[in-house]
J.: 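Take a look at the following structure, please.
The first residue of the sequence shown is numbered 1, and numbering continues consecutively from there.
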Amino acid sequence: MRKSTPPDVRAPQDTASATVELEDVPFGRFHLHVAVAGSGGQFSDGYILGIIGIALTSATDDLALNAVWLGLLGAASLAGLFFGSLFSGALIDRIGRHPIFAFDMPLLAALSLAQFWTAAAWQLLLLRLLLGLVLGADYAASKTLVSELAPRKSRGRMMSVLAIAWAAGYTIAYLVGYLIAQTASGDRPWTWMLASSAVPALLVAAARLGVPESPRWLIAKGRAQEAAAMIAAKIGPHVTLPTAPAPATSSGAPAESGSLRALFAPALRSRTVIACVFYLCHIMPYFALSTFSPRILASLGVHNAYFGGAVYNLLLLVGAVVGMSVIDRLTRRRFLVGSFAVAAVLLLPLGILHDLPITLVIVLFAALAFALSAADTLAFVYPQELFPTRMRATGVGAAVAASRIGASISTFLLPVVVESFGIRTAMTGLVLVLAAGALACYRYAPETSGLKLGSQ
């Protein structure tokens, strides 16, 4: 009896004409490995960023933290992410996606473990900044590499797995922190919370073994034979490689790989701006509300704020799963504009209405978490589709950097604004950010649904 075709090589291979383009290869074992390796990094990233919110609640007395220190520590990793993603994106477009993708997780584990011995607020601030730098590099490398190895028809769902993993890491970090806070008998339980992020980082480092360099990057660097050999070994000899032309500058010469200045050349300027604006307006409320969810709920009158925070974080995970199920069914523009509008409508009552029933506050807050997390799947797909191969990591890095400027500002300002002007002023400000994102995407965001990478 003739053996069946392996799951990741479904096209027939018995004739020379039975070939398929790289982006049209059906999803198989190779893509599953890539998705797991990439999403594992996002899980670790989400965990490292998520654990800080509940850890700071426990560390406030030990480290004598006031509102300014809480804002600084909450925003530290986000500030590090800005520099890490901005400058690593250009480097990744020059040296390849694989070097950083393969080796950043062990460094994350070492920095995570070092938090256990934190004795002062400034030490924790330094470690969180360094963690952010490495996380920024991983964002640019992992998102770019996975998107360039993903089949076109399943790219949205495959990249959405990264969003689910990020939300899962963020949510599980909160639940682990909550469990440690409830069960720890010794002093300084927050040190165990922070050091626990070393575990997923080490597991991810092992999962990334065997993931190759992006064939698109190899071709862009004139190394098509290496790309062909890698694809033949990982997927099959029947796969044809893309031959996308190099992007050109206004003078007609090929654009330099990894040039930040080239992002603002006429051919890419509008795409760079909309990628940055979309990501910034989305992530500002996402991080500010997620980092301080227990404090926000307490300010809104919820007595069991930790329980409300747990519900919020669980809905983040559910929203990411639903986002994956709809991302390839809706056009990118419809999803972009609609998600901003829905989140703004849900947040508005918390900003303008007083004395809402506690149950309604929790329902609105949970629904908001669902909407923001569903929209977060776009952050793992849309920026990658806006840029050509030679500039993809640079463009993604710039978009992530812009988002982290906003996230750092909103995470720093939220506790300060709540303390100085009240919770409803803070919520109303975030509604305005969401409304600005909806308007910008409606006016300027290009449609990328079904796009072949490199045809931008």
J.: Tell me the closest heavy-atom pair linking G50 and A173, and the distance in Å.
T.: C-CB, 3.9 Å
J.: Return the set of residues passing side chain to side chain contact (heavy atoms under 4.5 Å, CB included) with R223 (not counting sequence neighbours), or none when no residue passes.
T.: W217, L218, K221, E226
J.: List for me each residue that meets salt bridge (charged side-chain N to carboxylate O under 4.0 Å, His left out) alongside R332, sequence neighbours excluded, and say none if there are none.
T.: D328, E385
J.: Kindly indicate, with the supporting measurements, whether the criterion side chain to side chain contact (heavy atoms under 4.5 Å, CB included) is fulfilled by Q123 and W117.
T.: CA-CA 9 Å; Q123 295 173 351; W117 291 278; over 6 Å; no
J.: How far does CZ of R261 sit from OG1 of T394, to the nearest 0.5 angstrom?
T.: 13.0 Å
J.: What pairs with R208 under salt bridge (charged side-chain N to carboxylate O under 4.0 Å, His left out), at least two apart in sequence or on another chain?
T.: D104, D138
J.: Can you tell me if T144 uses its side chain to pair, donor with acceptor, with the backbone of A141 under 3.5 Å?
T.: no
J.: Can you name the residues that form a salt bridge (charged side-chain N to carboxylate O under 4.0 Å, His left out) with R152, not counting sequence neighbours?
T.: D24
J.: Just to verify, what does T191 make a side chain to side chain donor-acceptor pair (under 3.5 Å) with, not counting sequence neighbours?
T.: none
J.: Just by distance, do the side chain of D93 and the backbone of A393 share a donor-acceptor pair under 3.5 Å?
T.: yes
J.: Under 3.5 Å, sequence neighbours excluded: what are the donor-acceptor pairs made by side chains of residues 159-167?
T.:
{"residue": "S160", "atom": "OG", "partner": "G156", "partner atom": "O", "Å": "2.6"}
{"residue": "W166", "atom": "NE1", "partner": "Y139", "partner atom": "OH", "Å": "2.7"}

J.: Atom CG of L73 and atom CG of L124: how far apart are they, to the nearest 0.5 Å?
T.: 5.0 Å
J.: Quick check against the 3.5 Å criterion: does T272 have a side-chain atom that pairs as donor or acceptor with the backbone of L263?
T.: yes
J.: To the nearest 0.5 Å, tell me how far S449 OG sits from R333 CZ.
T.: 10.5 Å
J.: With a 4.5 Å limit on heavy-atom distance, are the side chains of L372 and L289 in contact?
T.: yes
J.: With sequence neighbours left out, write down each residue that passes side chain to side chain donor-acceptor pair (under 3.5 Å) with D62, or none if nothing qualifies.
T.: W190
J.: Tell me, do S373 and L317 make a side-chain contact under 4.5 Å, heavy atoms counted?
T.: no
J.: Hey, does the side chain of T171 reach the backbone of A168 with a donor-acceptor pair shorter than 3.5 angstrom?
T.: no
J.: Is the backbone N or O of P189 less than 3.5 Å from a side-chain atom of S58, with the two atoms forming a donor-acceptor pair by type?
T.: no
J.: Check A67 against V416 and note the closest heavy-atom contact, atom names and distance.
T.: O-CG2, 4.5 Å
J.: When you check the side-chain N and O atoms of R392 and T389, is any donor under 3.5 Å from an acceptor?
T.: yes
J.: Report all side-chain donor-acceptor pairs from residues 425-434 shorter than 3.5 Å, counting only partners two or more places apart or in another chain.
T.:
{"residue": "T425", "atom": "OG1", "partner": "F421", "partner atom": "O", "Å": "3.3"}
{"residue": "T428", "atom": "OG1", "partner": "G351", "partner atom": "O", "Å": "3.3"}
{"residue": "T428", "atom": "OG1", "partner": "R424", "partner atom": "O", "Å": "2.8"}

J.: Would you find a donor on one side and an acceptor on the other, under 3.5 Å apart, between the side chain of Q384 and the backbone of F380?
T.: yes
J.: Determine all donor-acceptor pairs shorter than 3.5 Å in which one atom belongs to a side chain in residues 338-347; sequence neighbours excluded.
T.:
{"residue": "S339", "atom": "OG", "partner": "F335", "partner atom": "O", "Å": "2.8"}
{"residue": "S339", "atom": "OG", "partner": "L336", "partner atom": "O", "Å": "3.0"}

J.: Mind listing the closest non-hydrogen atom pair of A119 and R188 along with its distance?
T.: CA-NH1, 4.3 Å
J.: For residues R404 and S85, determine if any side-chain heavy atom of one lies less than 4.5 Å from a side-chain heavy atom of the other.
T.: no
J.: To check you understand the geometry: which heavy-atom pair defines the closest contact between I172 and F43, and what is its length?
T.: CD1-CE1, 3.7 Å
J.: Would you say Q115 and R128 are linked by a side-chain donor-acceptor pair, where the criterion is simply a distance under 3.5 Å?
T.: yes
J.: About how many Å separate CG of L360 and CZ of F365, when rounded to the nearest 0.5 Å?
T.: 13.0 Å
J.: Between S410 (side chain only) and M284 (backbone N and O only), is there a donor and an acceptor less than 3.5 Å apart?
T.: yes
J.: Measure from the side-chain N and O atoms of S154 to the backbone N and O of A150, and report whether any donor-acceptor pair falls under 3.5 Å.
T.: no
J.: Measure the acute angle between the ring planes of Y286 and H282, then classify it against the limits of 30° and 60° as parallel, tilted or perpendicular.
T.: tilted
J.: Is any side-chain heavy atom of L129 less than 4.5 Å from a side-chain heavy atom of S77?
T.: no
J.: Closest heavy-atom contact between L72 and L125?
T.: O-CD1, 3.8 Å
J.: Could you tell me whether the side chain of F278 reaches within less than 4.5 Å of the side chain of L378, counting heavy atoms only?
T.: yes
J.: Going by heavy atoms in the side chains, are L81 and L49 under 4.5 Å from each other?
T.: yes
J.: Atom CG in L268, atom CE in M391: separation rounded to 0.5 Å?
T.: 6.5 Å
J.: For E23, is there an ion pair with R216 - N to carboxylate O distance below 4.0 angstrom?
T.: yes
J.: Identify, with sequence neighbours excluded, every residue that meets ring pair (Phe, Tyr, Trp, His ring centres under 6.0 Å) alongside F264.
T.: none
J.: Kindly indicate, with the supporting measurements, whether the criterion side chain to side chain contact (heavy atoms under 4.5 Å, CB included) is fulfilled by V417 and I423.
T.: CA-CA 7 Å; V417 171; I423 184 64; over 6 Å; no
J.: What heavy-atom pair brings T118 and A120 nearest, and what distance separates the two atoms?
T.: CG2-O, 3.3 Å
J.: When the side chains of residues 196-205 are checked against the rest of the protein, which donor-acceptor pairs come out under 3.5 Å, sequence neighbours left out?
T.:
{"residue": "S196", "atom": "OG", "partner": "Y47", "partner atom": "OH", "Å": "2.6"}
{"residue": "S196", "atom": "OG", "partner": "M193", "partner atom": "O", "Å": "2.5"}
{"residue": "S197", "atom": "OG", "partner": "S112", "partner atom": "OG", "Å": "3.0"}
{"residue": "S197", "atom": "OG", "partner": "L194", "partner atom": "O", "Å": "2.8"}

J.: Going by the ring pair (Phe, Tyr, Trp, His ring centres under 6.0 Å) test, which pairs reach into residues 59-107, not counting sequence neighbours?
T.: none
J.: In Å, rounded to the nearest 0.5 Å, how long is the span from CG of D376 to CE of M324?
T.: 14.0 Å
J.: So, applying side chain to side chain donor-acceptor pair (under 3.5 Å) with E148, which one of K143, R97, R155 is it?
T.: R97
J.: Measure from the side-chain N and O atoms of E419 to the backbone N and O of P415, and report whether any donor-acceptor pair falls under 3.5 Å.
T.: no
